[in-house]
**Q** 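Sending over a structure as structure tokens; questions will come in a sec.
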Amino acid sequence: MKTASGITWKNLLTLILAVGGTTLLIAQAPANDEAVFPMPTGKTYLNECGSCHTAYAPGLLPARSWRKMMGELGNHFGEDASLEEPQQLEIMKALENLAADSAQASMRMRRINSAIPTNAAPQRITETGYFKYMHDEVRPSIWKRKKIGTLANCIACHSRANEGRYGEREIRIPQQ
Amino acid sequence: MIKRVLLLMLVVGMVAGTAQAESPQQILDGLVAQAGPASAARGEKLFRGKFSGGKNADSCTACHTNNAKAVGSHVKTNKVIDPLAPVAQKDRFTDPAKVEKWFKRNCNDVLGRACSAQEKADFTAYMISIK
């Protein structure tokens, strides 16, 4: 079949497939690129690791960092954060499964991991190259605002940080 | 068969659920059984006291504020902390394991030692007494 303008069914089909395929890709691309990290399932992680600070996404550090930290919970940044053995084991397993260097790590997690020397096991997320790079435009005066106060307070601006969501569109910087 | 399994799961779930969730009064009773009679006044003194034994905070109120019904904030991380008094935060003092965990950690952080059963009973009595 041929029309006056030279459109054939075959051409039309190719066009539809191309447009449809591209639309699908575009629709998925932001989701893949968004700063969303997988979080441990169940409530243990949130309850045990999220009561004193943001429940940091495991993908923000490599497994070796988490292993070191979990071995020193009696003196966790100077505080006693010791756990009972069942919780300790459950959390360690989840951290290893979702760490920045885990088998199923996203591109973003791999980038985080690749900026950390293999012989280092950083304990502060804020000291990793990726964190510094992502926050280099935040002025010191903003960090000092009462509702933020410290670099460790992710959830002050990333309101869904406890769900592993750090996307740019979900940032709300407190005005004081 | 499936029905039976579901029923069994329901029963086990209910038993497990009731085993965990207690009332603040039951938690207090458990502590009193170890310590002897509790005093809310002594508990308040502990809550408001200043100590030098711990490395991280000199008092309970450093994080929990002077008002146990108010929202607190962690001295180091600034994370918001729910009120401590059960009257303001319903799930406080309802899970014995959680209560023990936080006495262990926080007594160590503020006093530099474990709290005695008497101190825990007194503290809990004070928290329950807040209306």
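Below, read A as the first sequence line, B as the second, and so on, with proteins coming before strands; counting in each chain starts at 1.
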**Q** For the CZ atom on R48(B), are there more than 12 heavy atoms of other groups (residues, nucleotides or ligands in this structure) within a distance under 6.0 Å?
**A**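 It does: R48(B) CZ has more than 12 such atoms within range.
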**Q** Using non-hydrogen atoms and a 4.5 Å limit, figure out which bit of L151(A) sits close to chain B: side chain, backbone, both or neither.
**A**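 It is neither, since no heavy atom gets under 4.5 Å.
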**Q** Just by distance, do the side chain of D80(A) and the backbone of N106(B) share a donor-acceptor pair under 3.5 Å?
**A**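 No.
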**Q** Tell me, with the steps shown, if C52(A) and K79(B) meet side-chain contact (heavy atoms from CB on, under 4.5 Å).
**A** CA-CA 6 Å; C52(A) 296; K79(B) 187 197 162 279; 5.7 Å; no
**Q** Should we say atom NZ of K50(B) is surrounded by more than 12 heavy atoms from elsewhere, each under 6.0 Å from it?
**A**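 Yes, because the 6.0 Å sphere around NZ of K50(B) holds more than 12 heavy atoms from other groups.
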**Q** Check each atom of N78(B) against the heavy atoms of chain A and say whether the ones under 4.5 Å are side chain, backbone, both or neither.
**A**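 Both parts, heavy atoms under 4.5 Å.
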**Q** Linking I/L/V/M/F/W/Y whenever their side-chain heavy atoms sit closer than 4.5 Å, directly or via other members, would V71(B) and I130(B) fall into one cluster?
**A**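 Different clusters: V71(B) never reaches I130(B) through Ile, Leu, Val, Met, Phe, Trp or Tyr contacts under 4.5 Å.
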**Q** Looking only at heavy atoms, which two atoms of T77(B) and H53(A) are closest? And how far apart?
**A**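 That closest heavy-atom pairing would be CG2-CB, 3.9 Å.
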**Q** Could you tell me which portion of K98(B) (side chain, backbone, both or neither) has an atom closer than 4.5 angstrom to a non-hydrogen atom of chain A?
**A**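 For K98(B), neither part sits under 4.5 Å from chain A.
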**Q** For residues L60(A) and M39(A): do they belong to one hydrophobic cluster (side chain heavy atoms under 4.5 Å, members Ile, Leu, Val, Met, Phe, Trp, Tyr)?
**A**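 L60(A) and M39(A): one cluster.
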**Q** Hey, are the side chains of K55(B) and E79(A) touching, using non-hydrogen atoms and a 4.5 Å cut-off?
**A**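 No, side chains not in contact.
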**Q** Do K76(B) and T150(A) meet the criterion of a side-chain donor-acceptor pair at a distance under 3.5 Å?
**A**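 There is no such pair (donor and acceptor under 3.5 Å, judged by atom type) between the side chains of K76(B) and T150(A).
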**Q** Consider side chain to side chain donor-acceptor pair (under 3.5 Å). Of K101(B), K104(B), R105(B), which one does S82(A) pass it with?
**A**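 In the set K101(B), K104(B), R105(B), the residue that makes a side chain to side chain donor-acceptor pair (under 3.5 Å) with S82(A) is K104(B).
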